[in-house]
Amino acid sequence: MAVGVIVSTGGGKKHPGKMTLFVFLTCLVASSGGLIFGYDIGISGGVTSMDSFLSRFFPSVYKQQMADSSTNQYCKFDSQLLTLFTSSLYWAALLSSFLASTVTRMFGRKWSMFAGGITFLLGSAFNGAAMNAVPLYLSEMAPAHLRGTLNIGFQLMITIGIFAANLINYGTASIEGGWGWRVSLGLAAVPALVITIGSLVLPDTPNSLIERGHDEEAQAMLRKIRGTEDIGAEYDDLVAASDEAKSVDHPWSNILQRKYRPQLTMAILIPCFQQLTGINVIMFYAPVLFKTIGFGSEASLASAVITGMVIVFGTFVSIATVDKLGRRKLFLQGGTQMLVSQLVVGTLIALKFGISGVATDVTKNYASIIVLFICFYVAAFAWSWGPLGWLVPSEIFPLEIRSAGQSITVSVNMFFTFLIAQVFLTALCHLKFGLFYFFAGWVAIMTAFIAFFLPETKSVPIEEIILVWKKHWFWSKFISDEDVHVGNPEAVDYRIEDA
Ligand code: BGC
């Protein structure tokens with residue numbers, strides 16, 4: 001079945017550029033914006049499973065979860081207030097990301113990241129600015145054939161942030177006197193400082209420099225990050241994209257035009273699907289979930305450290321393969337593995353906890369098998385929907401709608417992150433093991449969606465991605481010939497690949 005489009009830029013359109021030390025270091029520093037995000041994700045679940053924290057702030061949940069295994073385990077942690085503690089962060093990020101697109105357009109990506117770092121020091125509210133800028137920054141800086149690898153640095157930092165948070169929770173939980181949770185929460189200032197200072201030494205992207213009228217600086221920057229003098233063709237593409245962008249007064253209403261329908265669809269559906277994989281159930285609530293299936297406090301936090309390790313490892317797999325295998329193969333393989341793992345986890349929980357939620361002799365071995373399948377699931381997410389959920393949106397928007405498009409992606413992501421953080425514990429209480437089947441159903445839908453509707457974008461220069469839509473079996477109807485101003489469709493060699 002011919003559904004995927006592979007673009008080979010071998011027909012003279014491959015812009016020269018190599019992995020220079022400069023571009024590597026720049027992307028590494030910019031990626032550190034992901035650390036704050038990851039730390040936030042990882043820290044709250046552990047803190048909310050600590051007895052000292054619960055007894056102080058959520059005494060009723062504390063009492064409820066101390067009840068023995070003869071009660072309904074699914075509902076041990078059911079408290080809207082408790083989930084609000086976790087979800088409020090994403091609500092705040094969602095609101096701030098509405099502003100962020102204007103900020104990143106006017107002041108450039110670099111200063112937006114700086115602003116993201118500074119304001120996180122004051123509170124997490126403006127963290128959205130960093131999230132709006134980092135993936136775009138990375139995709140604009142990277143040479144096309146290495147874009148996946150360099151962009152996934154962001155996801156790598158998110159996962160390192162999560163892993164660090166899991167480890168720190170494991171350590172602080174055992175602090176005598178019960179103030180460990182303060183250390184866990186307070187240490188969030190460290191990743192904030194890293195991106196604040198880091199962004200001061202970062203150069204701005206050529207695209208963003210041209211967009212703001214600094215043409216010579218943009219050329220110099222392009223030479224530096226590509227490690228060659230031969231930047232003429234790429235520079236021309238960037239200027240054409242920027243001219244097009246300047247003719248657009250209102251990127252927000254613009255993105256609603258018919259010709260941007262493919263990008264708009266992806267900007268909304270990709271982050272929505274990413275969250276509907278159910279990953280944050282594990283990331284936020286792994287320790288709580290592990291306690292629910294019968295682990296003690298320490299074992300629960302230790303298991304969260306294991307899932308944290310798996311997610312970092314899985315991200316490396318993605319870094320190594322994304323520009324070779326392409327985005328689609330990772331999405332399709334990852335989706336299938338997640339689907340199977342979720343069905344197994346749901347079934348294993350159903351067999352032991354049934355509908356009543358009363359645990360019947362859950363042995364250590366049994367619980368460990370559940371953790372093992374959770375790890376298969378987490379690993380698959382780590383090389384598919386995790387990194388690609390940020391990479392793909394950041395590389396598909398033409399410059400004129402890029403900031404607005406990214407803002408939509410971040411907002412949708414934050415909204416669904418919020419929603420899942422908020423409703424998971426109640427949903428577990430009501431849907432029981434069926435919750436895992438619910439997410440499995442979504443994974444099946446999104447995997448089919450990718451198979452039919454997402455074209456391959458690997459190695460295509462970012463300002464020429466429109467050509468990929470133009471050749472797609474479905475999306476081509478939305479784009480007329482007059483809409484294509486960059487690149488030369490004739491010079492680009494396309495072939496339809498059998499999926
Ligand atoms: C997602 C987060 C998730 C994280 C896990 C990110 O790409 O946006 O919601 O917690 O991956 O690694």
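Read the numbers this way: they start at 1 and go in the same order the structure lists the ligands and their atoms. Numbers here are sequence positions counted from 1.
For ligand 1, one of its N or O atoms has an N or O atom of Q155 under 3.5 Å away.
Among residues at least two apart or in separate chains, salt bridge (charged side-chain N to carboxylate O under 4.0 Å, His left out) pairs with a member in residues 313-323 are D323-R327.
Atoms of ligand 1 found under 4.0 Å from any heavy atom of T159, numbered from 1 in the order shown, are 12 (O). Listed by number with element, the atoms of ligand 1 under 4.0 angstrom from any heavy atom of Q274 are 1 (C), 6 (C), 7 (O), 8 (O). Residue G386 approaches ligand 1 through these ligand atoms, each under 4.0 Å from one of its heavy atoms: 7 (O). Of all atoms in ligand 1, numbered sequentially from 1 with element shown, those under 4.0 Å from a heavy atom of I311 are 5 (C), 12 (O). Shown in contact with Q275 at under 4.0 Å from a heavy atom are these atoms of ligand 1, numbered in order with element: 1 (C), 2 (C), 8 (O), 9 (O). Near I162, the atoms of ligand 1 lying under 4.0 angstrom from a non-hydrogen atom of the residue are 5 (C), 12 (O).
Side-chain contact annotation: T457 with E395, donor-acceptor N/O pair under 3.5 Å present. A donor-acceptor pair shorter than 3.5 Å can be found between the side chains of S394 and N151.
Across I420, T315, N280, heavy-atom proximity to atom 9 (O) of ligand 1 is greatest for N280.
Ligand 1 lies within reach of F381, whose nearest heavy atom is under 4.0 Å from it.
The aromatic rings of F373 and F376 sit perpendicular to each other, their planes meeting at more than 60°, with 30° as the lower class boundary.
Checked by atom type and distance alone, the side chain of S208 never pairs as donor or acceptor with a backbone atom of D204 at under 3.5 Å.
Residue contacts with ligand 1, taken as heavy atom pairs separated by less than 4.0 Å, involve W390 solely via side-chain atoms from C-beta onward.
C75 is linked by a disulfide (SG to SG under 2.5 Å) to C429, counting only residues two or more places apart in sequence or in another chain.
For the pair K352 and Y366, the cation-pi test (distance below 6.0 Å, angle within 45°) is passed.
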